Amino acid sequence: MKKDLMATAALMLTTMMTGLTSCSVDDNPAPNPVQEELAEATIMWYGCGGNNVDASILKNFRTFYQAQAKNYDRVNVVAQYKTSYNPTAYKYNSYEVVAEWAEQEINDKTEEQLEEYDSGYYFYLCHPQAGASYRFVLDTKKPLYKQFHEMEPYGQPNADCTCPDSLTSFINWAAKTYPAKRYILMLADHGGGYLPCDDVAEAASSPQRRGLIFDDGYQVNG
């Protein structure tokens, strides 16, 4: 009798466990339609010319345009870029002079010819205002210089892009406006890097020397 009861109890317990397992939402999660619609990734590109790398970092940014167009069905690229406060690329020419040159070039050349310009001349084509910040999403349907011509500067002139709040604001905006399954943050500019001498006792009272972003409008590393 005891054996029969034990066998019956074991059978009931096995049946209950099987039923619970088959109903478990953890084992068989329903697809989340919102998650399915998200982009695979949002790339957040945050840069500053830092006096003499404007042309170079815009050249690097242009490599995004070399990706196959279909990739941007799954990936967003958003950017916040601050032009140097005093861009050496302008070689002391005024904004008006550079803008006039760019307009003449655009009238005289085809788009294919303009896209072949080297980094320095291409920066002239874009001619962002010195010390201005620009926040935008990459548009593969038009070249970068056209996007700059259509944009208004974002925020106040000569905003301190090394301030943590500035980067935080950009990240929050990008994640809210272009949500994705994952995020990639890219910082573009001079890098202060790391030197062992910065950790010695004599350096303890010195200003912080390490940094990822250099803003010539404030002469500090962020």
Side-chain angles (χ1 to χ4, degrees), residues 34-35 37-67 71-87 89 95 119 122-123 125-194 208-222:
V34 176
Q35 183 74 5
E37 293 174 3
L38 288 176
E40 290 297 321
T42 290
I43 298 174
M44 307 174 184
W45 186 93
Y46 187 84
C48 177
N51 186 246
N52 63 359
V53 296
D54 292 277
S56 295
I57 64 173
L58 286 192
K59 176 184 177 181
N60 292 338
F61 186 83
R62 289 175 65 202
T63 60
F64 285 121
Y65 292 84
Q66 298 173 11
N71 290 331
Y72 291 105
D73 294 335
R74 303 180 295 114
V75 177
N76 305 308
V77 178
V78 295
Q80 183 166 314
Y81 161 67
K82 180 187 175 183
T83 317
S84 296
Y85 184 71
N86 182 28
Y95 176 81
S119 58
Y122 200 87
F123 178 66
L125 286 178
C126 296
H127 60 274
Q129 298 178 31
S133 299
Y134 297 86
R135 180 180 283 187
F136 59 99
V137 59
L138 180 146
D139 184 349
T140 57
K141 296 180 180 179
K142 63 183 64 173
L144 182 60
Y145 74 84
K146 284 189 176 180
Q147 287 191 255
F148 270 102
H149 297 174
E150 296 171 358
M151 285 189 293
E152 293 294 331
Y154 171 79
Q156 297 297 315
N158 195 31
D160 184 0
C161 70
T162 68
C163 176
D165 287 347
S166 177
L167 179 57
T168 300
S169 171
F170 169 63
I171 292 173
N172 290 339
W173 167 80
K176 180 179 180 180
T177 312
Y178 298 95
K181 297 177 183 178
R182 58 183 63 83
Y183 300 93
I184 302 169
L185 176 63
M186 300 179 67
L187 301 178
D189 187 33
H190 293 286
Y194 168 74
Q208 182 61 263
R209 299 296 183 186
R210 305 181 212 176
L212 295 173
I213 297 288
F214 177 78
D215 187 338
D216 65 316
Y218 289 86
Q219 298 295 318
V220 294
N221 286 330

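Position 1 is the first residue of the sequence, and the numbers go up from there. Everything quoted here is computed from the prediction, not taken from an experiment.
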Kindly state whether the ring of [X] and the ring of [Y] have centres lying under 6.0 angstrom apart.
| X | Y | value |
| --- | --- | --- |
| Y218 | Y85 | no |
| H127 | Y95 | yes |
| F136 | F61 | yes |
| Y154 | Y134 | no |

Locate the shortest heavy-atom distance separating [X] from [Y]; write the atom from each residue and the value.
| X | Y | result |
| --- | --- | --- |
| V137 | V77 | CG2-O, 3.3 Å |
| D54 | G49 | OD1-CA, 3.2 Å |
| V78 | A174 | CG2-CB, 3.6 Å |
| C48 | I213 | CB-CG2, 4.1 Å |
| M151 | R135 | SD-O, 4.3 Å |
| K82 | G131 | CE-O, 3.8 Å |

Determine whether F170 and C161 satisfy the following criterion, side-chain contact (heavy atoms from CB on, under 4.5 Å), listing intermediate values before the conclusion. CA-CA 10 Å; F170 169 63; C161 70; over 6 Å; no

Within 6.0 Å of CE in M186, more than 12 heavy atoms from elsewhere: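 Counting other residues, nucleotides and ligands, CE of M186 stays at 12 neighbours or fewer.
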
What distance do [X] atom [atom1] and [Y] atom [atom2] have between them, rounded to the nearest 0.5 Å?
| X | Y | atom1 | atom2 | value |
| --- | --- | --- | --- | --- |
| I171 | T42 | CD1 | OG1 | 12.5 Å |
| M44 | W173 | CE | CH2 | 9.5 Å |
| T140 | Y65 | OG1 | OH | 8.0 Å |
| L38 | R182 | CG | CZ | 10.5 Å |
| F214 | N51 | CZ | CG | 6.5 Å |
| L167 | N172 | CG | CG | 9.5 Å |

Name the orientation class of the two ring planes belonging to W45 and Y81 (parallel below 30°, tilted from 30 to 60°, perpendicular beyond 60°).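 Rings of W45 and Y81: tilted, as their planes differ by 30° to 60°.
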
Give a yes or no on whether the backbone of K59 and the side-chain of S119 come within a donor-acceptor separation of less than 3.5 Å.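 No.
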
Do E40 side-chain atoms and K181 backbone N/O form a donor-acceptor pair below 3.5 Å?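 Answer holds: no.
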
Do you see a donor-acceptor pair shorter than 3.5 Å between the side chains of N86 and S84?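 No donor-acceptor contact under 3.5 Å links the two side chains.
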
Whether the H190 and N52 side chains hold a donor-acceptor pair (N or O, under 3.5 Å, no angle test) is what I'd like checked.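 Checked: H190/N52 side chains pair up, N/O donor to acceptor below 3.5 Å.
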
So, do D165 and S169 sit near enough that their side-chain heavy atoms are less than 4.5 Å apart?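 Heavy-atom side-chain distance check fails, nothing below 4.5 Å.
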
State, with a plain yes or no, whether a side-chain heavy atom of L138 is found less than 4.5 Å away from one of Y72.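 Heavy-atom side-chain distance check passes, below 4.5 Å.
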
Would you check, one step at a time, whether the test side-chain contact (heavy atoms from CB on, under 4.5 Å) holds for Y46 with S166? CA-CA 10 Å; Y46 187 84; S166 177; 2.8 Å; yes

Give the intermediate values and the outcome of side-chain contact (heavy atoms from CB on, under 4.5 Å) for residues V75 and F64. CA-CA 11 Å; V75 177; F64 285 121; over 6 Å; no

